[in-house]
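Input: a single structure, listed below in structure tokens.
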Amino acid sequence: QVQLKESGPGLVQPSQTLSLTCTVSGFSLTSNSVHWVRQPPGKGLEWVGAIWSGGSTDYNSALKSRLSISRDTSKSQVFLKMNSLQTEDTAIYFCTRPQTGNYFDYWGQGVMVTVSS
Amino acid sequence: NIVLTQSPATLSVTPGESVSLSCRASQSISTSIHWYQQKSNESPRLLIKYASQSISGIPSRFSGSGSGTDFTLSINRVESEDFSIYYCQQSYSSLFTFGSGTKLEIK
């Protein structure tokens with residue numbers, strides 16, 4: 001069955017770089033896109049970016065200058081890297097897989113990332 | 001970027017009432033809107049796709065309508081398990097966006 005699981009450090013210092021991994025199973029990264037969505041504590045959902053089945057990427061305009069999404073298809077892993085972290089980047093980070101129609105039907109459990117010294 | 005505005009921010013209702021939640025897009029997006037429910041400490045769950053298409057396993061009391069810029073999620077006779085936060089999401093643009101959410105709470 002389709003599964004996604006996020007992993008990464010729970011605590012990152014301000015100005016440092018965040019690296020997260022989404023490990024997927026039950027589908028191929030060359031057939032489906034994977035997106036990142038984040039949620040600050042007590043706030044709403046924010047679309048972060050995506051890597052499409054062909055390998056191209058799209059990013060939230062507000063984060064584009066700090067963000068990179070890549071993948072390793074042989075390991076079924078998608079990577080998120082965000083630099084120059086600030087406290088406002090503290091959030092739960094989800095990876096999610098959309099159906100062909102670009103609605104999100106499968107979600108990971110999320111990983112909490114706290115930006116603090 | 002396409003901005004989605006949800007209203008109201010909070011809706012207080014009594015179980016058994018029927019409700020309508022609004023999502024308005026900053027430009028026409030045809031029917032490329034999807035609705036999610038999120039309970040505390042859980043990942044979002046897809047409720048409705050493409051404005052009005054039902055999802056397998058979702059109770060029939062949930063329905064959606066609208067096109068262009070104005071969309072509505074309706075819940076017929078709210079049940080206790082429905083008290084949570086609801087988000088809309090657009091896929092008209094490849095730069096997806098979510099609305100800010102509507103919290104459905106018990107009056």
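Values in this document were obtained by computation on a predicted structure and should not be read as measured data.
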If every non-hydrogen atom of [X] is compared with every non-hydrogen atom of [Y], which pair is closest and at what distance?
{"X": "B/Leu95", "Y": "A/Ser61", "answer": "CD1-OG, 4.0 Å"}
{"X": "B/Tyr87", "Y": "A/Gln39", "answer": "OH-NE2, 3.4 Å"}
{"X": "B/Ser43", "Y": "A/Gly108", "answer": "OG-O, 2.7 Å"}

Between [X] and chain B, with a heavy-atom cut-off of 4.5 Å, which part of the residue counts as in contact: side chain, backbone, both or neither?
{"X": "A/Phe94", "result": "side chain"}
{"X": "A/Val48", "result": "neither"}
{"X": "A/Tyr59", "result": "backbone"}
{"X": "A/Gln99", "result": "neither"}

If hydrophobic clusters are built from ILVMFWY residues whose side chains come within less than 4.5 Å, do [X] and [Y] share one?
{"X": "A/Val78", "Y": "A/Ile92", "answer": "no"}
{"X": "A/Ile69", "Y": "A/Phe104", "answer": "no"}
{"X": "B/Ile55", "Y": "B/Leu47", "answer": "yes"}
{"X": "B/Leu73", "Y": "B/Val78", "answer": "yes"}
{"X": "B/Ile106", "Y": "B/Ile85", "answer": "yes"}

Counting only heavy atoms not in [X] (residues, nucleotides, ligands), do more than 12 fall under 6.0 Å from its [atom1]?
{"X": "A/Arg71", "atom1": "CZ", "value": "yes"}
{"X": "B/Tyr92", "atom1": "OH", "value": "no"}
{"X": "A/Lys75", "atom1": "NZ", "value": "no"}
{"X": "B/Arg61", "atom1": "CZ", "value": "yes"}

>> Evaluate B/Gln89 against A/Leu45 for side-chain contact (heavy atoms from CB on, under 4.5 Å), listing each step before the verdict.
In response: CA-CA 9 Å; B/Gln89 173 243 327; A/Leu45 302 170; over 6 Å; no

Could you tell me the separation between the [atom1] atom of [X] and the [atom2] atom of [Y], rounded to the nearest 0.5 Å?
{"X": "A/Asp105", "Y": "B/Tyr36", "atom1": "CG", "atom2": "OH", "answer": "8.0 Å"}
{"X": "A/Tyr103", "Y": "B/Leu46", "atom1": "OH", "atom2": "CG", "answer": "7.5 Å"}
{"X": "B/Phe96", "Y": "A/Asp58", "atom1": "CZ", "atom2": "CG", "answer": "8.5 Å"}

Taking the side chain as every heavy atom from C-beta outward, state whether [X] and [Y] have any atom pair closer than 4.5 Å.
{"X": "B/Phe98", "Y": "A/Glu46", "value": "no"}
{"X": "B/Thr97", "Y": "A/Trp47", "value": "no"}
{"X": "A/Trp107", "Y": "B/Pro44", "value": "yes"}

> Between B/Ser94, B/Gly99, B/Ser100, which residue shows the highest count of heavy-atom pairs closer than 4.5 Å to chain A?
Replying inline: B/Ser94

> Which one of B/Glu42, B/Arg45, B/Gln90, B/His34 has the most heavy-atom pairs closer than 4.5 Å to chain A?
Replying inline: B/His34

